[in-house]
Amino acid sequence: MSYTKEDIRRIAQEQNVRFIRLQFTDLLGTIKNVEIPVSQLEKALDNKMMFDGSSIEGYVRIEESDMYLYPDLDTWVVFPWVTQDRVARLICDIYMPDGTPFAGDPRGILKRALKEAEGLGYTAMNVGPEPEFFLFKTDERGEPTTELNDQGGYFDLAPMDMGENCRREIVLTLEEMGFEIEASHHEVAPGQHEIDFKYADAIKAADQIQTFKLVVKTVAREHGLHASFMPKPLFGVNGSGMHCHQSLFKGDTNDFYDEKDKLGLSTTARQYMAGILLHARAMAAITNPTINSYKRLVPGYEAPCYVAWSASNRSPMIRIPASRGLSTRVEVRNPDPAANPYLALAVMLKAGLDGIQNKLPLPAPTDRNIYIMTEEERQDAGIPSLPLDLKEALDEMLRSDIICEALGDHALAHFYELKEIEWDMYRTQVHQWERDQYLTLY
């Protein structure tokens with residue numbers, strides 16, 4: 001849906017919009033907003049709304065804090081949850097006072113990567129994300145507990161799937177906001193859910209992921225539940241992933257498809273995958289950005305922890321879904337929903353483009369179940385592991401010129417600093433597991 005300034009003024013008046021949230025995303029992937037009364041709408045549409053960038057994680061120092069919000073008019077939406085004073089939303093790009101894009105804006109970082117793809121003749125990167133989430137009960141104060149709201153499993157229905165009504169309302173709300181929902185179902189773990197929406201170009205897909213998280217959390221709260229996109233909230237069950245289906249287009253042509261190829265994959269698709277695989281370990285700090293992310297990437301819970309690909313096998317990191325023609329795509333399975341979607345898509349695109357530009361050879365597919373292979377068998381097959389923890393992932397990221405270039409100096413430095421602090425806090429903390437193991441033993 002495309003909107004003009006006049007469209008936005010008219011809709012705001014017709015629907016009695018009283019407040020507008022000017023939304024953006026910080027470096028860690030958290031949605032932020034500046035809320036303005038409708039009387040300031042004209043100022044916002046003229047890109048004249050300022051905010052204090054020094055208060056946002058990974059942005060700027062206090063002595064250079066003034067920043068401007070440039071709304072993307074096509075992201076205009078009026079929130080369906082009706083109150084007396086209706087609220088609308090515009091997603092914004094961040095600009096400096098001199099009119100230049102802010103180098104640390106995650107949305108801008110993805111746009112830079114897309115600009116590079118455009119220079120190679122690609123008119124679109126299409127992305128179909130699959131963010132999973134858990135629904136937990138809340139206590140009498142409305143605070144989240146770790147008690148699940150159901151004991152259902154994959155594709156279960158009510159009464160086993162007690163989250164069905166909540167999930168259905170999430171779907172209806174998303175559709176009212178312009179999403180095209182393709183599927184909605186209970187996931188493998190108790191209390192775990194997935195709602196799939198139609199693919200879109202990379203910027204819109206990342207915007208939709210952020211909007212999706214907001215809607216899921218809002219509707220869950222109305223049902224007395226807490227929705228969590230934490231990668232591995234519970235031990236002993238599957239964690240939540242955010243598989244990213246992706247393809248590159250030139251005009252109306254899917255450049256990943258070749259009808260003459262045995263698997264229907266073009267040379268471009270194979271080189272793109274080769275780039276993703278080559279840089280997988282370095283990307284992990286972005287696609288799996290928390291300490292908890294690496295509790296998900298362990299054998300036995302359907303999450304990929306080995307760098308390989310297959311046309312059918314679901315244990316490798318990259319899978320090729322069966323659809324061909326315009327729907328030909330690669331499914332990168334290691335990202336999780338804690339990732340900043342703009343940064344995650346930027347580094348995956350940058351890695352794939354490196355594969356295309358340097359004509360990287362694609363390793364042979366792995367059609368065996370990697371989880372039951374021995375370490376020696378994996379080494380013989382040339383199958384490396386993803387990083388075992390966040391620290392290892394951060395070190396790999398710094399060693400990769402491609403991933404560092406994708407982020408840019410500003411975002412790289414600030415992201416690394418924030419994650420180093422997170423790792424150090426975790427490393428020096430004494431956890432309950434340690435007390436349970438050692439307090440009486442020693």
Side-chain angles (χ1 to χ4, degrees), residues 1-26 28-53 55-56 59 67-95 102 105-108 110-111 129 131 133 169-181 195 197-198 200-222 227 229 337 340-342 345:
M1 189 75 179
S2 295
Y3 293 100
T4 64
K5 291 182 181 181
E6 185 52 45
D7 290 332
I8 291 172
R9 294 187 196 100
R10 175 179 50 79
I11 295 170
Q13 185 172 15
E14 288 175 353
Q15 299 198 25
N16 194 33
V17 172
R18 300 297 300 275
F19 295 94
I20 296 99
R21 292 181 183 174
L22 303 178
Q23 288 185 352
F24 57 100
T25 297
D26 72 11
L28 298 181
T30 304
I31 300 173
K32 303 291 183 179
N33 71 232
V34 175
E35 187 168 87
I36 60 172
V38 73
S39 61
Q40 298 297 304
L41 176 59
E42 203 61 42
K43 186 177 177 182
L45 295 176
D46 289 338
N47 303 328
K48 293 180 179 177
M49 291 302 304
M50 294 175 60
F51 74 102
D52 177 8
S55 301
I56 306 300
Y59 270 38
M67 310 186 88
Y68 284 84
L69 295 162
Y70 281 36
D72 181 338
L73 303 189
D74 292 342
T75 65
W76 167 262
V77 68
V78 180
F79 289 127
W81 37 90
V82 178
T83 61
Q84 186 174 354
D85 299 323
R86 299 203 72 180
V87 179
R89 185 281 315 271
L90 284 163
I91 295 176
C92 302
D93 295 307
I94 310 301
Y95 278 72
F102 170 47
D105 175 18
R107 204 169 188 261
L110 177 53
K111 285 187 173 182
F133 59 95
E169 188 172 329
I170 291 170
V171 169
L172 294 173
T173 303
L174 290 168
E175 287 184 329
E176 196 170 339
M177 295 176 72
F179 281 67
E180 185 173 335
I181 304 300
I195 297 171
F197 41 94
K198 188 177 180 181
D201 66 86
I203 291 292
K204 183 177 180 180
D207 288 344
Q208 286 184 325
I209 291 169
Q210 295 297 75
T211 301
F212 175 82
K213 290 179 180 179
L214 178 64
V215 171
V216 168
K217 285 181 173 290
T218 300
V219 174
R221 189 171 63 241
E222 292 173 352
F229 290 91
N340 182 322
Y342 302 101
L345 294 182

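Below, all heavy atoms of this structure are taken into account, side chains as well, without hydrogens, waters or symmetry copies. All of these numbers come straight from a predicted model, not from anything done at the bench.
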Can you tell me how far the [atom1] atom of [X] sits from the [atom2] atom of [Y], to the nearest 0.5 Å?
X	Y	atom1	atom2	answer
Phe179	Lys198	CZ	NZ	14.0 Å
Thr211	Leu174	OG1	CG	9.0 Å
Leu172	Ile170	CG	CD1	10.0 Å
Glu14	Arg9	CD	CZ	13.5 Å
Trp76	Ile20	CH2	CD1	5.0 Å
Leu90	Gln23	CG	CD	9.0 Å

Locate the shortest heavy-atom distance separating [X] from [Y]; write the atom from each residue and the value.
X	Y	result
Gly29	Gln210	O-NE2, 3.1 Å
Lys217	Ala227	NZ-O, 2.8 Å
Ala44	Met49	CA-CG, 3.5 Å
Asn47	Tyr68	O-CD2, 3.6 Å
Leu345	Ala202	CD1-O, 3.6 Å

Val17 vs Ile11, side-chain contact (heavy atoms from CB on, under 4.5 Å): CA-CA, chis, key distance, verdict: CA-CA 8 Å; Val17 172; Ile11 295 170; 5.7 Å; no
Quick one: does [X]'s side chain have a donor or acceptor within less than 3.5 Å of a partner on [Y]'s backbone?
X	Y	answer
Thr218	Leu214	yes
Lys32	Phe24	no
Gln40	Phe19	no
Arg107	Cys92	no
Asn340	Asp26	yes
Asp74	Tyr3	yes
Arg18	Val38	no
Asp105	Ile94	yes
Lys213	Pro131	no

Just so I know, are the side chains of [X] and [Y] near enough to count as touching, which here means a heavy-atom distance under 4.5 Å?
X	Y	value
Pro71	Ile91	no
Leu45	Leu73	yes
Asp93	Lys111	yes

Lys204 bridged to Asp207 by N-O distance under 4.0 Å: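 A salt bridge is absent here (no side-chain N lies under 4.0 Å from a carboxylate O).
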Side-chain ion pair, Glu42 and Lys48, N-O less than 4.0 Å: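 Salt bridge between Glu42 and Lys48, a charged N being under 4.0 Å from a carboxylate O: no.
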CD/Glu222: more than 12 non-hydrogen atoms of other groups inside 6.0 Å: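 Above 12, so yes.
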Chi angles and distances behind the side-chain contact (heavy atoms from CB on, under 4.5 Å) call for Val215, Trp81: CA-CA 10 Å; Val215 171; Trp81 37 90; 4.2 Å; yes
Ring geometry between Phe133 and Phe229 (parallel below 30°, tilted from 30 to 60°, perpendicular above 60°):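 Ring orientation, 0 to 90° scale: tilted.
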Val87 vs Glu35, side-chain contact (heavy atoms from CB on, under 4.5 Å): CA-CA, chis, key distance, verdict: CA-CA 9 Å; Val87 179; Glu35 187 168 87; 4.1 Å; yes
Phe51 vs Leu69, side-chain contact (heavy atoms from CB on, under 4.5 Å): CA-CA, chis, key distance, verdict: CA-CA 8 Å; Phe51 74 102; Leu69 295 162; 3.6 Å; yes
